[in-house]
Each structure stands twice: as structure tokens, then as C-alpha cells.
Amino acid sequence: MPFKAHQDRRHRIPKQRHRVANWPAYEAGLRARGSLIVWFSEAAIEAWRAAPRTTRGGQPRYSALAIETALTLRAVFRLALRQTEGLIGSLLRLLGLDLAVPDHTTLSRRAETLEVPRPHGGREPVHLLVDSTGLRLCGPGEWLVEKHGTRRRRSWRKLHLATDADTGQIVASVLTDRDADDGSQTGPLLERVAGPVASFTGDGAFDRDDVYAEVAARHPDADVIVPPRSSAVPSGTAEINPTRRDRHLQVIAERGRVGWQRTSGYNWRALVEADVSRWKRVIGDGLRSQSKERQTTEVAIAMNALNRMLDLGRPEYVRIA
């Protein structure tokens with residue numbers, strides 16, 4: 001929905017108050033997210049160098065693990081490629097490891113084709129919460145604005161995220177041009193989700209027939225929780241064979257928008273908005289890579305890094321008012 005229901009009267013609704021029930025464990029997890037302790041297992045040391053190539057062509061020096069490790073540190077600490085090279089070199093020297101350090105040109109080149117592992121899906125169906133945000137492109141555009149005061153519009157790209165409502169993990173992401181609408185990315189997001197889907201929840205931008213069709217084609221039993229537009233009308237078969245959208249309209253007619261949000265579980269979509277906020281605060285609101293392939297790798301690396309941080313500790317809220 002573009003606006004919240006009863007927006008002009010919501011100031012009368014008291015805000016909910018919650019208390020974190022597992023504060024000691026959650027506080028320890030928050031401290032661990034900023035820890036600089038890095039260790040290399042024996043398996044990681046052996047896998048740092050690339051395996052011998054059996055086909056024609058040049059022999060790579062560094063494995064995908066080495067490149068992914070460097071790019072992960074770059075994303076977490078918001079470093080340029082040269083500073084990332086220096087950080088990796090200093091860590092290896094402090095640990096006393098005789099391993100080669102990938103230079104910044106190698107990191108840039110290998111990021112073009114690096115295959116980042118996707119999150120593994122569980123056996124239980126997931127409840128997907130989807131949303132999107134814009135990421136500005138860092139580079140010469142900003143320098144021109146600061147140096148010459150140009151009025152040239154800054155470029156940016158659109159990031160689409162899908163979050164598991166039960167675990168808070170980001171399970172899928174798609175990076176598109178700024179002109180791509182949210183509904184058109186339903187199929188690509190579902191393709192990147194490993195495992196069955198129980199429900200698909202999005203805002204009013206997903207109130208489209210092709211969204212319902214995409215979900216039904218891949219997960220026939222999945223529920224689509226999308227608020228119909230204010231001008232929405234029931235379909236021609238609403239009385240005989242109502243669709244999922246028709247059922248939403250029936251509940252809205254009986255209980256209102258706020259009642260529909262409570263009964264349908266639409267309010268859980270706030271979790272994916274929290275993930276978008278966490279992305280902007282931890283990773284940043286921009287993309288440092290220049291090519292689309294490297295930007296896709298940068299997004300996948302950042303997604304895995306945020307999921308690892310969430311594994312360190314997640315708050316458990318208890319409502320107190």
C-alpha cells in the first residue's frame with residue numbers, strides 16, 4: 001500500500017512496546033559482529049591456492065575461497081580494492097602464514113566471474129517477505145559533483161530482497177536497473193529460493209496478475225499476501241470460484257484494511273524493511289564496483305555477510321504494552 005491505512009488518525013493508536021528477552025546473548029552477538037579476530041583453518045590454508053588446471057589456458061594462483069574471503073572483508077569494512085589487498089596482507093603476516101596475497105587487479109578481475117554460494121534452503125516451506133531499495137553507484141559521478149558542482153543526475157541501481165520470515169535470513173536477491181518494477185522480479189526471486197515456499201508477501205506494487213501467476217506456477221500451494229489497490233474490484237468469478245485476490249477483497253470488505261493486515265499476516269513484512277535498513281547501515285547505500293557482473297558479486301557477498309552476522313545473535317522480543 002502506498003500509504004498506511006487511516007494515516008490521518010494513526011497518532012491515536014498507541015505504539016507497541018517490546019522487551020528483548022535474550023539480551024545477554026544478543027548483546028554478545030552484537031559485539032562479535034565488530035570483532036577483528038580472524039583465523040584460518042587447516043582446510044582453508046590448503047584451499048587458498050587454486051587447484052591445478054586441467055584445461056588449456058593460464059593457471060590461476062588463488063582459489064575461489066581466497067577471492068571470496070577478500071571480497072567479504074572488503075564489504076564488511078567498506079574498503080577499496082587496494083586497501084583490501086593491504087588488509088589481507090597484514091592479516092597473513094600477523095598470523096604467520098606463508099600465503100600469497102591477491103592484488104587488487106586480481107580481485108577486480110576474479111569478481112567478474114566468481115560464483116558465490118547461495119543460502120541453503122531447509123526442508124520446511126519458507127514464508128517470503130519481499131521488498132526493494134535503491135543503491136547508488138560510487139565512482140566518477142560523485143567526483144564530478146564534488147569537483148565541478150555538476151547537476152548531472154547520479155546513477156543508481158535497484159536491489160530486490162527476499163527474506164525468510166522465520167529466521168530473518170536474506171534468502172534471495174536480484175540486482176536490476178533502476179527502471180525495473182518490483183512485480184517483474186517475482187520470478188527471478190523465486191528461482192533463487194532453494195526449497196518450497198509457503199507464502200509470498202509484498203507491498204501494493206506486487207498487486208498484479210503476473211505476480212499471482214508466477215507464484216502459482218512455481219509453488220501452487222503458496223499463499224500470496226499482497227494488499228489490493230484501493231480501486232480494486234472482484235473478478236468475474238468471485239462468487240463462484242474466488243481467487244486469492246478475491247478473498248483478500250472479501251476480508252477487507254468485512255474487517256477493513258487494518259483487520260485484513262492482522263488476519264493475513266501482512267504486518268510481518270516489516271522484517272524485510274528492517275533487513276533493508278540493516279543493509280544500508282552495515283554495508284552502505286552504494287555499489288563500489290563498476291561492471292554489472294562485479295556488482296552482482298558484490299551484492300551476493302554482502303548478503304552472505306549479513307546472514308553470518310545474524311547467526312551470531314538475534315533478539316527475541318516480548319511485547320509488554
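Position 1 is the first residue of the sequence, and the numbers go up from there.
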field: Presence of salt bridge, Asp103 and Arg82, under 4.0 angstrom
entry: no
query: Salt bridge between Asp285 and Arg136, side-chain N to carboxylate O under 4.0 Å?
result: yes
Is a side-chain donor or acceptor of [X] paired with a backbone partner of [Y] at a separation under 3.5 angstrom?
X      : Y      : result
His248 : Val224 : yes
Asp246 : Thr237 : no
Arg33  : Met309 : yes
Ser63  : Ala47  : yes
Ser199 : His127 : no
Thr106 : Pro102 : no
Ser41  : Ala44  : yes

field: Single hit among Asp181, Asp182, Asp131, Asp177 for salt bridge (Lys or Arg N to Asp or Glu O under 4.0 Å) with Lys158
entry: Asp182
Which atom of [X] lies closest to which atom of [Y], heavy atoms considered:
X      : Y      : answer
Leu128 : Val193 : CD1-CG2, 3.8 Å
Leu92  : Ala100 : CD1-O, 4.1 Å
Thr176 : Val174 : CG2-CG1, 3.7 Å
Ala165 : Arg314 : O-NH2, 4.1 Å
Trp156 : Gly134 : CE3-CA, 3.9 Å
Ala50  : Pro60  : CB-O, 3.3 Å

As an exercise, state the distance from [atom1] of [X] to [atom2] of [Y], rounded to the nearest 0.5 Å.
X      : Y      : atom1 : atom2 : answer
Gln290 : Ser108 : CD    : OG    : 9.0 Å
Ile301 : Thr72  : CD1   : OG1   : 4.0 Å
Thr167 : Asp311 : OG1   : CG    : 8.5 Å
Leu97  : Trp48  : CG    : CH2   : 9.0 Å
Glu112 : Glu293 : CD    : CD    : 4.5 Å
Met303 : Arg308 : CE    : CZ    : 11.5 Å

field: Distance-only donor-acceptor check, side chains Gln169 and Asp275, under 3.5 Å
entry: no
message: Any donor-acceptor pair under 3.5 Å linking the side-chain atoms of His104 with those of Thr84?
response: no
message: Before we go on, tell me: are the rings of Tyr266 and Trp260 under 6.0 Å apart, centre to centre?
response: yes
Contact between [X] and [Y] at the side-chain level, heavy atoms closer than 4.5 Å - yes or no?
X      : Y      : value
His18  : Pro315 : no
Val130 : Thr201 : no
Ile252 : Arg247 : no
Arg245 : Asp207 : yes
Arg218 : Val197 : no
Thr263 : Val251 : yes
Gln250 : Pro242 : yes
Arg319 : Arg19  : no

query: Just wondering, are more than 12 heavy atoms of other shown residues or ligands nearer than 6.0 Å to CZ in Arg255?
result: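 12 or below, so no.
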- request: Verify the neighbour count for atom CZ of Arg61: are there more than 12 heavy atoms of other residues, nucleotides or ligands below 6.0 Å?
  value: no
- line: Grouping ILVMFWY residues whenever side-chain heavy atoms fall under 4.5 Å, the cluster of Tyr317 otherwise contains Val20, Trp23, Tyr26, Leu30
message: Going by side-chain contact (heavy atoms from CB on, under 4.5 Å), Phe200 matches just one of Val126, Leu129, Ile225, Thr186. Which one?
response: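 Of Val126, Leu129, Ile225, Thr186, side-chain contact (heavy atoms from CB on, under 4.5 Å) with Phe200 is met by Thr186 alone.
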- request: Check each of Lys280, Gln295, Glu298, Arg178 against Leu135 using the side-chain contact (heavy atoms from CB on, under 4.5 Å) test, and report the only one that passes.
  value: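 Option passing the side-chain contact (heavy atoms from CB on, under 4.5 Å) with Leu135: Lys280.
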Distance-only check: which donor-acceptor pairs under 3.5 Å involve side-chain atoms of residues 73-81, not counting sequence neighbours?
residue	atom	partner	partner atom	Å
Arg74	NE	Leu79	O	3.2
Arg78	NE	Val282	O	3.2
Arg78	NE	Ile283	O	3.3
Arg78	NH2	Arg281	O	2.7
Arg78	NH2	Val282	O	3.3

